[in-house]
Amino acid sequence: LGDRERIETVIGLIQARLSHQPVVVCSAHAGMTDLLLEGARRAAAGEADLAPIEDRERGLLRDLGLEPTLVDDELERLRKMFEGLALLGELTPRSLDLVAACGERMSVKAVAALLRLRGTPATAVQADEAGLLTDSRHPRATPLPQAYANLQEALTGLEGVPVVTGFIGRDEEGNVTTLGRSGSDFTATIVGRALSADEVQIW
């Protein structure tokens, strides 16, 4: 999901499979997780600079013909997190997970918005808010058994194609967790099991 061409390809793959009632799980835009983690490290060292992340994300939205303001909430949340890290001067696995999760949050909003722009109803879904419950091992969390029933309930009956964040979950205390690198593929299999899907395709 690194550029307009790749994202347009994804839209085509989804639209070609609408008769199968697809549920889509998206990773962050290529390179975004690295940008976020590097930004967090710099913030903890006293240099809270959101510009590289903001420029990349808003530029991609413009390339897609979407409103650059689409991710204002996520960028403002990141800005506050970076300022907090700069004040504290330290970076924990828990805070790294919180920052890293923003890449997937922005990505699903872009994909769902582009699907709607192309005439396909779609809903962006935050997996952690939809019940992907995990243990508290930052940054390699494991889903808990109740996650499957939670996701099944949350994803059934949504309008259009659900576009779900990969990589992120939430522990029983409400802390954001991540499933480790390649966690979006892992999330796809979790969602597939939750929905008793006939097939999980990894692209």
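Treat the numbers as computed from the prediction; the structure is a model and nothing was measured. Index from 1, following the sequence.
- Contact check on E83 versus K80 returns no salt bridge, with no Lys/Arg side-chain nitrogen under 4.0 Å from an Asp/Glu carboxylate oxygen.
- Judged purely by distance below 3.5 Å, without hydrogens or angles, the side chains of D97 and T178 pair a donor atom with an acceptor atom.
- Considering only heavy atoms from C-beta on, V99 comes within 4.5 Å of F82 through its side chain.
- With hydrogens and angles disregarded, a donor-acceptor distance shorter than 3.5 Å links the side chain of K109 to the backbone of L70.
- With 3.5 Å as the limit, one finds a donor-acceptor pair spanning the side chains of R105 and Q126.
- Using modelled atom types, no side-chain atom of R140 and backbone atom of G180 make a donor-acceptor pair closer than 3.5 Å.
- I202 CD1 to T189 OG1: the interatomic distance, rounded to the nearest 0.5 Å, is 7.0 Å.
- Cluster membership for L50 and L37, using ILVMFWY side-chain heavy atoms within less than 4.5 angstrom, is shared.
- Expressed to the nearest 0.5 Å, how far CD1 of I53 lies from CD of E74 amounts to 12.5 Å.
- A single hydrophobic cluster is not seen to contain both I168 and M32; linkage of ILVMFWY side chains at heavy-atom distances under 4.5 Å, directly or through other members, places them apart.
- Nearest heavy-atom pair across A122 and A112 is CB-O, 3.8 Å.
- Side-chain contact check for R6 versus D3: some heavy-atom pair is nearer than 4.5 Å.
- Rounding to the nearest 0.5 Å gives a distance of 9.5 Å between CD of E76 and CG of L78.
- Side-chain atoms of N175 do not come within 3.5 Å of backbone N or O of D171 as any donor-acceptor pair.
- A donor-acceptor pair under 3.5 Å links the side-chain atoms of E104 to the main chain of A28, judged by distance alone.
- To the nearest 0.5 Å, the span separating CD1 on I11 from CZ on R116 amounts to 10.5 Å.
- A salt bridge links R170 with D128: at least one charged nitrogen is closer than 4.0 Å to a carboxylate oxygen.
- Around the CZ atom of R94, the shell of radius 6.0 Å holds no more than 12 heavy atoms that belong to other residues, nucleotides or ligands.
- Taking both residues in full, the closest heavy atoms of G119 and P121 are given as O-CD, 3.7 Å, listed atom of the first, atom of the second, then distance.
- In this structure, L85 and R41 have side chains that are not in contact, with every pair of non-hydrogen atoms separated by 4.5 Å or more.
- Both L60 and L115 are part of a single hydrophobic cluster, where members link through side-chain heavy atoms under 4.5 Å apart.
- More than 12 heavy atoms of other shown residues, nucleotides or ligands fall within 6.0 angstrom of atom CZ in R56.
- There is a side-chain donor-acceptor pair under 3.5 Å between T142 and R137.
- In this structure, R62 does not pair ionically with E67, as no charged nitrogen and carboxylate oxygen lie closer than 4.0 Å.
- Remark: the backbone N or O of H20 is not paired with any side-chain donor or acceptor of R17 at under 3.5 angstrom.
- Two residues are said to be in side-chain contact when any heavy atoms from C-beta on lie closer than 4.5 Å; V200 and R193 fail this criterion.
- Closest heavy-atom contact between T134 and A141: OG1-CB, 3.5 Å.
- When all heavy atoms are compared, the tightest approach of G131 to N150 is O-ND2, 3.1 Å.
- Using a 4.5 Å heavy-atom threshold, the side chains of L13 and W203 count as touching.
- H138 contributes no side-chain N or O that, together with a main-chain N or O of T177, makes up a donor-acceptor pair within less than 3.5 Å.
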Side chains of residues 151-164: which donor-acceptor partners sit under 3.5 Å, not counting sequence neighbours?
residue	atom	partner	partner atom	Å
Q152	NE2	T156	OG1	3.3
T156	OG1	Q152	O	2.6

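- Residues L64 and L117 share a closest heavy-atom pair of O-CD2, 4.2 Å.
- When atom types are taken as modelled, the side chain of S95 and the backbone of L91 share no donor-acceptor pair closer than 3.5 angstrom.
- Follow the hydrophobic side-chain contacts under 4.5 Å out from V108 and you never reach L132; the two are in separate clusters.
- Considering every non-hydrogen atom in both L1 and S27, the closest pair reads CD1-O, 3.4 Å.
- Put simply, F167 and I190 are part of two different groups of oily side chains (I, L, V, M, F, W, Y) that touch within less than 4.5 Å, one to the next.
- With values rounded to the nearest 0.5 angstrom, L36 atom CG is found 5.5 Å from M106 atom CE.
- No donor-acceptor contact under 3.5 angstrom links the side chains of S184 and T187, judged on distance only.
- Judged purely by atom type and a 3.5 angstrom limit, R58 uses its side chain to pair as donor or acceptor with the backbone of P68.
- Residues T165 and C26 are not in side-chain contact: their nearest non-hydrogen atoms beyond the backbone lie 4.5 Å or more apart.
- Within the model, atoms SG of C102 and CG of D73 stand 11.0 Å from one another, a figure rounded to the nearest 0.5 Å.
- Around atom CD of E129, more than 12 heavy atoms belonging to other residues, nucleotides or ligands sit under 6.0 Å away.
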